[in-house]
Structure formats: C-alpha cells, structure tokens
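Reading through the structure tokens given below for one structure.
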Amino acid sequence: STAPRHPVDFYTEKRPVNNIVLIVDESVRADHLSLNGYGVPTTPILDDLKKRGFIKNWGIAVSGTTCSVTSNALMLTGVDQLPDTNYEVYRRPTIFRFARVMNYKTHYFDGQVSQMWNGKSLDIPDYGDWTKADEIERSVANVYEIDREIARRIRQITSTSTGNFILVNKFGVHKPYTASYPNDNNSAYIDNWFIPYDVNIDQETLIRQYDEAITYNTRGFFSGLLDGKPDDNTVYVYTSDHGQTLRENGSVVSHCSNTK
C-alpha cells in the first residue's frame, strides 16, 4: 500500500532518558523455554535473571499468526482485530513512528533479511539507523553468530547513550534447526517453511535439534546483550513472532500452516 499512515498528532522536544529494546525472536516456542517451566534448560541466562529479580514474565501467549510477515505486521502496528479486513496494518502508525514523536533515536536490526519487508517503503525514514542482514553476515564466520553480533552492537548503544528505541528481528531458529548452532552436520540455512520436515529425522531428534538451537542462540544473544546485568536505564521487551509445529497433530511443515 502506498497510502500514508494515520498521523500521530503529537511531538515532544524532550529527549528520553532511557532506552527501549524490542526483541522479536524467530520461530521460538514459549513452551520450549525453561523460563516458562520447560524441562530442558534452554534459557539459562534468562532463568538466572529471573531469580535475581530482573525479569517480569507475562507467560505464554498465542502468536497473532503463524507467519513472520503477518505476525510482525501486527506487532509493528498494534492491530489486534483479525481478520484485518480493513488493512489496518497498512494504515495505523508503526511503533517506530510513536518512538520518533517521543523523540527517541530509532534503530532497526534485521538478522534475516536485507530488503524491505517489515512494514512498507514509506516507513523507512522512521527506521532510523537500519542495519541489514547482509551487512551483519559480513562480520561473522557463520550465520548462527548473527544474533550474537547484533547483541554486541546493541550493547554498544545502550551502554554509552540514552534516548534510543531499538527493534531487532533476530535470526533465531528457522528450520533446519541445525543451521542455528555449531554441530557436525551444520545445514545450509534455507528459509523455505513450506518444505516438509525431513522424513528421515524422527520427532525426538527434531525436538532435540530445536532445543539445542534455542539454547545456543539465547545464551549467545543475551550474554552479549546484557553482559551479566541489564543496563539500569534500558527496558528490554522479548517475544517471538510465532512458534513451530515440531510435527504435532500430524503437521509436516514447521509454520505458516493452519494446523491447530
């Protein structure tokens, strides 16, 4: 859509004294996080922060949709009425726009894509400093280090300045999950959600690979982002775009499906 978004009739000259970091993970199921009671210790750093009183956990929620493009559109605009027959995701102001009118300096880190996809082209000026996936990839030896590198860069911003709004779409744990952590059979990263799961991989192995990917990714990302303790002047909001089916209920694809 090329139509302008609804205007926000407000602006402040006052600079914010904090930072806000909105972290949108990729394909991470809330019920596979030990932070939420999962039996495998997949989120040790978050578990420790919770024990030390740094985390407020809103628990497990259902994603707005099961595809990245549509679920991120809902998060970007706050649309919560589905089906969105009026195309409000193209009309409502984005969270970047609200950050700008509150006089935050905006930053956008994309660990997956180097083209415009999250929003529409008219939103690009509101992104502020836009760091694309191909630029981040040039700084790492393997794609499973992308999120750690993003975390390092965010830490540089939050530890040295205030008044920043930062949104990150993480590389996360797309299928094949063996692309998201170091192992003897590192798969090439292929973002084709519609390709069925490998029939030669049993469900138990699939789940183990998924859990290993989450464990490696969250440990690297949050250790680099927080360095043991969140910055006092920064609020971090962590969520995911959607989960994964992991072959439950007869599912053969990982996501973007309407299986229950």
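Hydrogens, waters and symmetry mates play no part in the numbers below; they use all other heavy atoms, side chains included.
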- Answer yes if the ring centres of Y108 and Y127 are under 6.0 angstrom apart, and no otherwise. yes
- Task: Show your reasoning for whether side chain to side chain contact (heavy atoms under 4.5 Å, CB included) applies to R92 and V79.
- Result: CA-CA 8 Å; R92 290 193 189 180; V79 171; 3.9 Å; yes
- Query: Sub-3.5 Å donor-acceptor pair from the side chain of D202 to the main-chain atoms of E204, do we have one?
  - Reply: yes
- Quick one: does V28's side chain get under 4.5 Å of V173's, heavy atoms only? yes
- Message: Could you tell me if R153 and T131 have a donor-acceptor pair between their side chains, going purely by distance under 3.5 Å?
- Response: no
- Would you call L167 and H107 a side-chain contact if the rule is heavy atoms closer than 4.5 Å? no
- Residues R97, D123: salt bridge by 4.0 Å N-O rule: no
- Task: Search all heavy atoms of R247 against all heavy atoms of L206 and return the closest pair with its distance.
- Result: CG-CD2, 4.1 Å
- Side-chain donor-acceptor contact under 3.5 Å, R91 with T77: no
- With no hydrogens and no angle check, do the side chains of N36 and D31 hold a donor and an acceptor under 3.5 Å apart? no
- Query: NZ of K14: more than 12 outside heavy atoms within 6.0 angstrom?
  - Reply: no
- Lys/Arg N to Asp/Glu carboxylate O, D110 vs K132, below 4.0 Å: no
- dist D147:CG -> F222:CZ (nearest 0.5 Å) comes out at 9.5 Å
- Query: Given T42 and T218, is the side chain to side chain contact (heavy atoms under 4.5 Å, CB included) satisfied, shown in steps?
  - Reply: CA-CA 8 Å; T42 52; T218 58; 5.7 Å; no
- How close do R155 and L226 get, heavy atom to heavy atom, and via which atoms? NH1-O, 3.2 Å
- Task: Indicate, with yes or no, if I55 and V235 share a hydrophobic cluster defined by side-chain heavy-atom contacts under 4.5 Å among Ile, Leu, Val, Met, Phe, Trp and Tyr.
- Result: no
- Min side-chain heavy-atom separation D126-T106 under 4.5 Å: no
- Over all heavy atoms of both residues, which pair between H174 and E26 is shortest? Give the atoms and the distance, please. NE2-OE2, 3.3 Å
- Do T178 and N183 have side-chain atoms, one donor and one acceptor, less than 3.5 Å apart? no
- Item | Flag, side chain of D84 to backbone of Y87, donor-acceptor distance under 3.5 Å | yes
- Between the side chain of R100 and the main-chain N/O of I95, is any donor-acceptor distance below 3.5 Å? no
- Task: Would you indicate whether the side-chain heavy atoms of K175 and S27 approach each other to under 4.5 Å?
- Result: no
- Message: Just by distance, no angles: are the side chains of D211 and Y38 close enough, under 3.5 Å, to form a donor-acceptor pair?
- Response: yes
- Task: Say whether N18 and N233, considering side chains only, have a donor N or O and an acceptor N or O under 3.5 Å apart.
- Result: no
- Message: Taking L246's backbone N and O only, do any of them form a donor-acceptor pair with Q203's side chain (distance below 3.5 Å, no angle check)?
- Response: yes
- Just how far is it from atom NZ of K50 to atom CZ of R52, taken to the nearest 0.5 Å? 14.0 Å
- Query: Do you know which two heavy atoms are closest between Y236 and P230, and how far apart they sit?
  - Reply: CE1-CB, 3.6 Å
- Query: Would you say the side chains of N164 and N19 form a donor-acceptor pair under 3.5 Å?
  - Reply: yes
- Task: Ignoring hydrogens and angles, state whether a donor on the side chain of W117 or N72 is under 3.5 Å from an acceptor on the partner side chain.
- Result: no
- Query: In terms of hydrophobic clustering (I, L, V, M, F, W, Y; side-chain heavy atoms under 4.5 Å; direct or indirect links), are L74 and Y90 co-clustered?
  - Reply: yes
- Aromatic contact, F165 with F98 (centres under 6.0 Å): no
- Between Y177 and Y210, is the gap from one ring center to the other below 6.0 Å? yes
- Please confirm whether the backbone N or O of S71 pairs with a side-chain atom of T65, one donor and one acceptor, at under 3.5 Å? yes
- Interatomic distance, F96 atom CZ to T94 atom OG1 [nearest 0.5 angstrom]: 6.5 Å
- Query: Between the side chains of D241 and S68, is a donor N or O closer than 3.5 angstrom to an acceptor N or O?
  - Reply: yes
- Is the backbone of T239 close enough, under 3.5 Å, to the side chain of D25 for a donor and an acceptor to pair up by distance? no
- If every non-hydrogen atom of M75 is compared with every non-hydrogen atom of V24, which pair is closest and at what distance? CE-CG1, 3.6 Å
- Item | Reported CG-to-CZ distance for the pair L225 and R152, which is rounded to 0.5 angstrom | 12.5 Å
- So, K170 side chain and Q112 main chain: donor-acceptor pair closer than 3.5 Å or not? no
- Task: State yes or no: do V69 and L22 share one hydrophobic cluster built from I, L, V, M, F, W and Y residues joined by side-chain heavy-atom distances below 4.5 Å, directly or via other members?
- Result: yes
- Task: Could you state whether F221 and F54 fall into the same hydrophobic cluster, counting links through intermediate Ile, Leu, Val, Met, Phe, Trp or Tyr residues with side-chain heavy atoms under 4.5 angstrom apart?
- Result: yes
- Message: Would you say that I60 contacts R29 through its side chain, given a criterion of any heavy-atom pair below 4.5 Å between the two side chains?
- Response: no
- State, to 0.1 Å, how close E149 and I136 come at their nearest heavy-atom pair, and which atoms those are. CG-CG2, 3.9 Å
- Is there a side chain to side chain contact (heavy atoms under 4.5 Å, CB included) between N217 and Y181 once you walk through the steps? CA-CA 7 Å; N217 184 283; Y181 63 97; over 6 Å; no
- Message: Quick check: is V168 connected to F171 through a chain of hydrophobic side chains (ILVMFWY, heavy atoms under 4.5 Å apart)?
- Response: yes
- Message: Ignoring hydrogens and geometry beyond distance, is a side-chain donor-acceptor pair present between D47 and S34 at under 3.5 Å?
- Response: yes
- Item | Test log, rule side chain to side chain contact (heavy atoms under 4.5 Å, CB included), inputs R148 and S223 | CA-CA 8 Å; R148 186 190 296 266; S223 62; 4.2 Å; yes
- Please confirm whether the backbone N or O of G172 pairs with a side-chain atom of S180, one donor and one acceptor, at under 3.5 Å? yes
- Measure the spacing between OG1 of T234 and CD1 of I20 and express it to the nearest 0.5 Å. 9.5 Å
- Nearest-0.5 Å distance that lies between atom CG in N103 and atom OG1 in T12: 6.5 Å
- Message: Quick one about E88 and Q81 (side-chain donor to acceptor, distance below 3.5 Å, no hydrogens or angles considered), yes or no?
- Response: no
